[in-house]
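Note that ligands are numbered from 1 as they come in the structure, with each ligand's atoms numbered from 1 the same way. Residue numbers count from 1 along this sequence. Values below: every heavy atom of this structure, side chains too, minus hydrogens, waters and symmetry copies.
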Amino acid sequence: MDFSYTPSQESFRAELRTWLETNSGEIFGRGGEGLGGSTASLLDVRDDGRWKQMLDYHRRLYRSGYVALHWPKEWGGGGADLVEQSIYQDEVLRLGLPLYGANQLAIDRIGPTIMLMGTNEQKQRHLQPMLTGEQIWCQGYSEPNAGSDLAGIQTRAVVEGDSFVVNGQKVWTSLAQRSDWQVLLVRTDPEAPKHKGISYLLVDMHTPGITVRPLVQMTGEAGFNEVFYDNVRVPKENLVGELNQGWQVSIATLMFERVSGGTRHPVERTINELVELARQVDFQGVPAQQDPYVRQKLAAFVSDARCLRLSRYRSLTSQLKGKVPGPESSFGKLFATELNLRVAMFADELLGPYGLLESDSLGAVESGKWTHRTLAARGLTIAAGSSEIQHNIIGERVLKLPKG
Ligand SMILES: Cc1cc2nc3c(=O)[nH]c(=O)nc-3n(C[C@H](O)[C@H](O)[C@H](O)COP(=O)(O)OP(=O)(O)OC[C@H]3O[C@@H](n4cnc5c(N)ncnc54)[C@H](O)[C@@H]3O)c2cc1C
C-alpha cells in the first residue's frame, strides 16, 4: 500500500476541507453531533426547520460540484477517481456529515442503479433532479414479514391497461415523509418461485392511494415510516429492468449500498470524542484517563478503527491495481457498525447514571449525547442487512463455510 498523496490530491483535500467547514455548520444535530455517513434515518424529518437546513446544505453541495463526485460527468456527477472519492469520504466523515446531503439513497444507490439498468427516459427524468434535490428518494423494500428474507415480499402489483395497480404495505422506509419518489419492490407473479416473481418500480410518492405514517424510534426521532398502498396506479414505463426480474435490479442497488461499506460511519470521529470525554470525567473515583481499564478500552477502540481504515486502503489499493477487492471489502459494514455500538455503550459505562440525563442544568454530560448515540447505534447494526445476516454472508460467500 502506498499511503502518500500527490500534490494535486492534497490540494483537492485542502479545498474540500475548507468548503465543508465553511458550509456545514448549521446541519449539526443534537449536542453538536453530526448526522454522519449514511444515517439519514437519524434525522427527525418531522422537524421542518432541520429539514430545510438539510435541503439548503444539499443545494450548496450541488452548486459546489461535490454532491455526487462518484457519478460520471455525463450525468452531472464529478467524475472523480477512486482516490478523490476516498478523500471525500474521509473529510465528510471527519466532520460527521451525511455523505450525500439530503438525498443519500438517490445519490448513493438509486441513481447508479438507474444509470445501469434504467431506460433512457428514466435517466433523463430522474438523474439531474436527484442531484439538485428536486426529487428526494426513498427505498421501499422491507415489509412487516420480509426484512432479512427480502424475497418474501407480499406487496402486490397487477397490470391493468397501461399501469400497475399496487396494494400492500412497506415498513421502516427512511425519509418517506419527505420523499417525492420511491423505488418499490412488488410481487408481480405470485405463482413463480419467490425470487422470480418480483418487479422493481419507480413510484411518485404524491400518487393518490399512498399513506405515509412516521414511526418514532427509541431515540424519540422519526426517521422512518410505514407506507400503505391502496390501489396505487403506477405507469408501466416506470418499471426498471424486465417484468418479474426485479430481484436482479434490487441486488444491483444493494451492491451499490455495500460498495463502500464500513467507510460510511464516522466511528473514528466518535472515538476521538470518547478519548476527549475520558480526559474530562472521573471513573470510579479517579480521573478516567488514568484508569487502566478505561485506557485499555480506548486503546482497543483506536486500534480497531485503525484496522478498519487500513482494510479500506487495502481494498482501494486492489481496485487501483485493477484487481477485485478481497474479503476485506465484505466486513466493513459489520465491523464499523458493531464498533460504533461498542464505543457508544462504553461511553454510557463511563458516565454511569449521568449519561442518562438530558438537561445540562441537572448535570447531564453534553446534553445526553452519548445515550442518544447508544440508542441510535442499535439501528445501524440492523439497517442495510443486520449483523447476523452479514455474518452469514461472510461465512457462506467469503469464507465458503457450509450453510448453517
Ligand atoms: C435505521 C433503519 C433504517 C432502515 N431503512 C430502511 C429503508 O429505507 N427501506 C427499507 O426497505 N428498509 C429499511 N430498514 C429495514 C431493514 O432493512 C430491516 O430492518 C432489516 O433488513 C432486518 O429486517 P427485519 O427488521 O424484518 O428483521 P428480521 O428479518 O425479522 O430479523 C429479526 C432478527 O432475526 C435475525 N435473523 C433473520 N434472519 C436470520 C438468518 N437467516 N440467520 C440469522 N439471523 C437471522 C436478524 O438478524 C434479526 O436480529 C431500515 C432499518 C433500520 C433499523
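Around CD of E21, the count of heavy atoms belonging to other residues, nucleotides or ligands within 6.0 Å exceeds 12.
The proximity of L175 to ligand 1, defined as any non-hydrogen pair under 4.0 Å, does not occur for either the backbone or the side chain.
Pairing each heavy atom of I107 with each of M130, the nearest pair is CD1-O, 3.9 Å.
In summary, the atoms of ligand 1 found under 4.0 Å from a heavy atom of I389, numbered by their order in the structure, are 38 (N), 39 (C), 40 (C), 41 (N). Applying the 4.0 Å criterion to heavy atoms of Q139 picks out, from ligand 1, the atoms 7 (C), 8 (O), 9 (N), 10 (C), 11 (O). Counting atoms of ligand 1 from 1 in the listed order, those under 4.0 Å from a heavy atom of F224 are 1 (C), 2 (C), 3 (C), 52 (C). Near Y141, meaning under 4.0 Å from one of its heavy atoms, ligand 1 places the atoms 11 (O). Heavy-atom contacts of S386 reach the following atoms of ligand 1: 46 (C), 47 (O) (cutoff under 4.0 Å). Contact atoms of ligand 1 toward N392: 40 (C), 41 (N), 42 (N), 43 (C) (distance under 4.0 Å to a heavy atom of the residue).
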- Message: side-chain hydrogen bond (donor to acceptor under 3.5 Å, both in side chains) for T219 and Q217? Distances and angles first, verdict last.
- Response: CA-CA 5 Å; T219 55; Q217 290 144 250; 4.6 Å; no

- Query: Should T381 and S387 be marked as a side-chain hydrogen bond (donor to acceptor under 3.5 Å, both in side chains) after you check the CA-CA gap, both sets of side-chain angles, and the distance that decides it?
  - Reply: CA-CA 6 Å; T381 66; S387 291; 4.6 Å; no

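Under the 3.5 Å distance criterion, with hydrogens and angles disregarded, a donor-acceptor pair is assigned to the side chains of H206 and D180.
Here the side chain of H58 pairs no donor or acceptor atom with the backbone of M54 at under 3.5 angstrom.
Among C138, S142, G379, the residue whose heavy atom lies closest to atom 53 (C) of ligand 1 is G379. Of the listed options S148, S387, A376, S148 places a heavy atom closest to atom 37 (C) of ligand 1.
Of the N or O atoms in W172, one or more lie within a sub-3.5 Å distance of an N or O in ligand 1. Between T173 and ligand 1, no pair of N/O atoms sits closer than 3.5 Å.
Classified by interplanar angle (parallel below 30°, tilted 30° to 60°, perpendicular above 60°), the ring pair Y141/Y200 is perpendicular.
Checked against a 6.0 Å centroid threshold, the rings of F331 and H391 do not count as neighbours.
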